[in-house]
Amino acid sequence: MLASRTVIAILAALIALLGCSSGKSSAPPADSAGATQAKAASWTLGGVPCCTLIAVPAAAPPVGTGACPGVRPGAIVLSDVGQCTLNFLFRGSDGSRYIGTAGHCILGASPIGGDVGETSWGPGKGPVARDSAGSRIGEFAYAILQDPKDFSLIRLDSQAQASAAMCHFGGPTGVNDDLPGLAQPVVLEWFGNGIVLGSALPGRSAIAAGMPSPDHVFAQGVATPGDSGSGVTSSDGRAVGALVTVGAHTGSLSLAGGDAGLVGITRLTPQVDRAQQLLGTSLTLQSAPIQ
C-alpha cells in the first residue's frame, strides 16, 4: 500500500512540475469553471512571500453530493465566500463538535494580499456553513488568516451527522507533529474537491522533502480552486495540517535541495492550540483507522 501511494505522489509531483515548466498555473483562470473568487490573493507562509491562497470557487447550485458525501474530512463545505473542503473533526470540552476548513474559506482574502486577521463567533452568531447539497450543518465559530495560520472551525448543529474518517484514505489516526529534516522525504495525502481534479482525482498524494517547520509544510503536489482546507495526513494516517496555498514555495531552497514545493500546508497543532484559547474549550481530534 505504501509503495503504491508513493508512486501516486511521484506522478502528482511530475504533473505539477510539468505544469510549472509550461508557464501555466495548475489552477484554471479565475473567470472559468464557474467564477472563482476574484484572482487568488498573494500571501506569505512561514514569512516567505511565496505563493497565493488557493482560490475559493463561488458556491454553485447543488448538483449532488459529490465523491465524498456528508460531513467528514474531504467533503465539500459551502460558506458565504464559496466552496471549500473540510478537514478534521474535533470534540470540544464544551460538548460541541467542530470540523475544520481553511480560514480564507470564510474570511475571504485581502484585496491587496497578506493577512486578514482572526475572529470568533459565539453560538448562534456565526456565518452558516452548508454541505454539498446546500443543507445547513452548523455555524463558523472561529477563523484566522494570519501567517502562518489559515484555519477555521465550524460548530456543528446537534442533528448534523458527521464522520471522523477521511474519504478514500481513512484516518486520521492521531496528530503528526514530527519534524523530519530535509533529507527525510514524507508522503502526504489528502482528499480535495478542487475544480476538475475534485472529480477526476480527488484522492491525491504529494511528497515533501521533509517537515522541518512546526508551522508549515511545502510539498510537490497538485491543488486547484476548491481544495482549500483539505485535511492533509502522512501515509501512516496521522494529521499534518490543512492545504491552503499554491505556487513556488522556496523557503530555504539551495542547490543541495531545501524546504520547497508547489503546495503549502499549515500545520495542525499550532492552529488548534490558538483556536482553543479563543474559544475557551479544549479540542480533541476524533480519529479513524486508515483504509
Side-chain angles (χ1 to χ4, degrees), residues 37 41 43-47 53-54 56 59 71-73 75-131 135-160 162 164 172 175 177 214-216 228-232 239-245 264-286:
Q37 177 185 318
W43 195 51
T44 61
L45 181 52
L53 296 167
I54 299 172
V56 178
V71 180
R72 60 188 299 187
I76 290 172
V77 61
L78 306 177
S79 73
D80 293 341
V81 174
Q83 176 181 314
C84 288
T85 302
L86 293 171
N87 53 61
F88 305 109
L89 181 67
F90 302 86
R91 173 73 66 175
S93 58
D94 59 359
S96 296
R97 295 168 303 151
Y98 297 85
I99 196 164
T101 188
H104 72 270
C105 292
I106 186 58
L107 295 176
S110 168
I112 59 173
D115 295 339
V116 172
E118 180 180 43
T119 191
S120 61
W121 297 270
K125 297 183 179 179
V128 171
R130 302 182 185 279
D131 64 16
S135 299
R136 175 186 164 119
I137 61 172
E139 297 175 342
F140 283 87
Y142 169 78
I144 186 171
L145 179 56
Q146 186 170 307
D147 185 20
K149 298 177 176 66
D150 184 358
F151 186 65
S152 63
L153 285 170
I154 297 160
R155 184 184 291 112
L156 295 175
D157 291 342
S158 58
Q159 69 273 19
V175 178
D177 289 325
D215 293 312
H216 71 265
S228 297
S230 299
V232 179
V240 172
L243 183 67
V244 297
T245 56
I265 298 150
T266 54
R267 298 200 72 165
L268 188 63
T269 294
Q271 301 184 113
V272 173
D273 287 347
R274 179 58 183 164
Q276 290 178 139
Q277 292 176 9
L278 260 70
L279 292 174
T281 185
S282 297
L283 297 168
T284 301
L285 177 72
Q286 302 300 285

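Heads up: numbering here begins at 1 and tracks the sequence.
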Non-hydrogen side-chain atoms of Pro172 and Leu285 separated by less than 4.5 Å: yes
Starting at CG of Asp157, measure out to CD of Glu139 and round the result to the nearest 0.5 Å. 6.5 Å
Check for a donor-acceptor pair, side chain of Asn87 on one end and backbone N or O of Gly229 on the other, with a separation under 3.5 Å. yes
The single option from Gln271, Arg274, Arg155 that satisfies side-chain contact (heavy atoms from CB on, under 4.5 Å) with Tyr142 is Arg274
Validation row: Tyr98, Leu283 side chains within 4.5 angstrom (heavy atoms): yes
Any Ile76 side-chain heavy atom under 4.5 Å of Asp131 side chain: no
Closest heavy-atom pair, Pro127 versus Ile106, reported as atoms and distance to 0.1 Å, is CB-CD1, 3.7 Å
Measuring from atom CZ of Arg130 to atom OG of Ser79, what distance do you get when rounded to the nearest 0.5 angstrom? 11.0 Å
Ser120 side chain to Leu278 main-chain N or O, any donor-acceptor pair under 3.5 Å? no
For the residue pair Ala239 and Leu268, what are the closest heavy atoms and their distance? CB-CD2, 3.8 Å
Nearest heavy atoms of Val128 and Arg136, plus distance in Å: CG2-NH1, 3.6 Å
Minimum heavy-atom separation for Ala102 and Ser228, please, with both atom names. CB-C, 4.1 Å
Strictly below 4.0 Å, N to O, side chains only: are Lys149 and Glu118 in salt-bridge contact? no
If we only count heavy atoms from C-beta on, is the Leu89 to Leu156 side-chain gap below 4.5 Å? yes
Are the side chains of Phe151 and Leu145 in contact, using a 4.5 Å heavy-atom criterion? no
Evaluate the side-chain proximity of Leu45 to Asp147: yes if any heavy-atom separation is below 4.5 Å, no if none is. yes
Could you tell me which non-hydrogen atom of Asp215 sits nearest to which non-hydrogen atom of Pro270, and how far apart they are? OD1-CG, 3.7 Å
Would you give the length of the straight line joining atom OG of Ser152 to atom CD1 of Ile144, rounded to the nearest 0.5 angstrom? 11.0 Å
Could you tell me which non-hydrogen atom of Val81 sits nearest to which non-hydrogen atom of Cys105, and how far apart they are? CB-O, 3.2 Å
Thr101 side chain near Thr85 side chain, heavy-atom distance below 4.5 Å: no
Let me confirm one number: the CZ-CD distance from Phe88 to Gln286, rounded to the nearest 0.5 Å. 13.0 Å
Would you please say whether a donor-acceptor pair under 3.5 Å links the side chains of Asp150 and Thr266? no
Check each of Thr119, Ile154, Leu153, Asp80 against Phe140 using the side-chain contact (heavy atoms from CB on, under 4.5 Å) test, and report the only one that passes. Ile154
Interatomic distance, CZ@Arg91 vs OG@Ser96, rounded to 0.5 Å, equals 8.5 Å
Do Val71 and Ile99 touch side chain to side chain, with heavy atoms closer than 4.5 Å? yes
Please report the C-alpha distance between Leu53 and His104 in whole Å, then the side-chain angles of each, then the deciding distance to 0.1 Å, and finally whether the side chain to side chain contact (heavy atoms under 4.5 Å, CB included) criterion is met. CA-CA 8 Å; Leu53 296 167; His104 72 270; 3.8 Å; yes
Pair Leu243-Ile54, side chain to side chain contact (heavy atoms under 4.5 Å, CB included): steps then yes or no: CA-CA 8 Å; Leu243 183 67; Ile54 299 172; 3.8 Å; yes
Nearest-0.5 Å distance, OG of residue Ser230 to CG of residue Leu86: 9.0 Å
